[in-house]
2 protein chains.
Amino acid sequence: MEQSTRTAELFRSRGLRCTPQRFAVLDFLLRNPAHPTAEEIFLEINRADPRASRATIYNNLRTLIEAGLVREFAQEKRSARFGAQVEKHHHFICERCGRIEDIDWFEVKGIPRAKDLGPHTVREYELVLRGVCQACSTPRRKKTSKTQRST
Amino acid sequence: MEQSTRTAELFRSRGLRCTPQRFAVLDFLLRNPAHPTAEEIFLEINRADPRASRATIYNNLRTLIEAGLVREFAQEKRSARFGAQVEKHHHFICERCGRIEDIDWFEVKGIPRAKDLGPHTVREYELVLRGVCQACSTPRRKKTSKTQRST
DNA sequence: TTATCTGCAAACGCTTTGCATCGGA
DNA sequence: TCCGATGCAAAGCGTTTGCAGATAA
């Protein structure tokens, strides 16, 4: 109730109303570092206030992401992408067209050891680079960029 | 026509029939390093053979993934996950329960320079570690693992 | 010949949207 | 007061599945 005032002001400073549902979403994410799914967030908030709806949770997640207060993870683009290279490799993702390119494997120095990770066991790792690919950064004619669906 | 024979044998060696559609999927992925979506693969294959259906493309992608010939990217689990930590950080993903944990940011030595990446511009990067989290590797009672939807 | 695979259409799961109502500032 | 936010239900999209007919081996 100090923290909550701060959150309320955070919202206002971005032109957002501080509604109970909106507050609950951010509050829950701040307390829960395990990257819950929208459904989990909904279940939690709906438990406290059974009138809270899925639509509102989803809407607020979008709103908070646009406001830079929340981050979405593991959904680079709408649909899954596939590749025939099955050996270890890193990835480059174009933020404009969604294209994913493989980067030849190389070891990364300084991967956290078990002790730094807590008790988790790491089986594999990869580096994900994000940026703009050549096709998208070249302001030529039509561009080859759009790799999205087109039906 | 040499290459294709090799692919056919690859299939057979894993107990898979070599159908035109299945061949086309793997062939397309081998030729196309840009990690196309299922829809893109469908459009391409359907253009050559208008009878090829989406269902078959999807089925074959699953089959090929199970056979270890194809890899799926950027779809850790079914639904998106969210977090309130908006600063740079790395991620640990539990392969059993899908939980995603933030790892405090640290620079990684040896990120490919522009020259090695071709003409792409890297804006940011992150390390993605995959393994088994403590909760899932501890064979205790009920386990806290299941973080999936539960409706 | 026959188990596997295909195409179709319907089902599914997650997410977004249209719209009437509600309520924070 | 009044515009933004909410809840509901329905639509959207990507993906999976049940089933009858087709086909690789």
With a 4.0 Å cutoff (strictly under), does any side-chain N or O of B:Q21 reach OP1 or OP2 of C:dG7? yes
Roughly, in whole Å, what's the span from CG in A:N46 to P in D:dG7? 9 Å
Partners meeting ring-ring contact (aromatic ring centres under 6.0 Å, His included) with A:F28 (sequence neighbours left out): none
Interatomic distance, B:F11 CZ vs C:dT4 P [rounded to whole Å]: 17 Å
Is A:R6 paired with A:E9 through a side-chain N to carboxylate O contact shorter than 4.0 Å? no
A:R54 atom CZ is separated from D:dA11 atom P, nearest whole Å, by 18 Å
Where each residue is assigned the nucleotide of DNA chain C containing its nearest heavy atom, which of B:G15 and B:A55 is assigned the position nearer the 5′ end? B:G15
Rounding to an integer number of Å, can you tell me how far B:N59 CG sits from C:dC12 P? 17 Å
Do A:H120 side-chain atoms and B:Q134 backbone N/O form a donor-acceptor pair below 3.5 Å? yes
Do any side-chain nitrogens or oxygens of A:N60 fall under 4.0 Å of OP1 or OP2 in D:dT6? yes
Tell me whether the side-chain N/O atoms of A:Y58 come closer than 4.0 Å to OP1 or OP2 in C:dT16. no
Closest heavy-atom pair, B:F11 versus B:L69, reported as atoms and distance to 0.1 Å, is CE2-CD1, 3.9 Å
How does protein reach along nucleotides 19-25 of chain C, written 5' to 3' as B (base within reach of a heavy atom under 4.0 Å), S (only sugar-phosphate), or - (no contact)? ----BBS
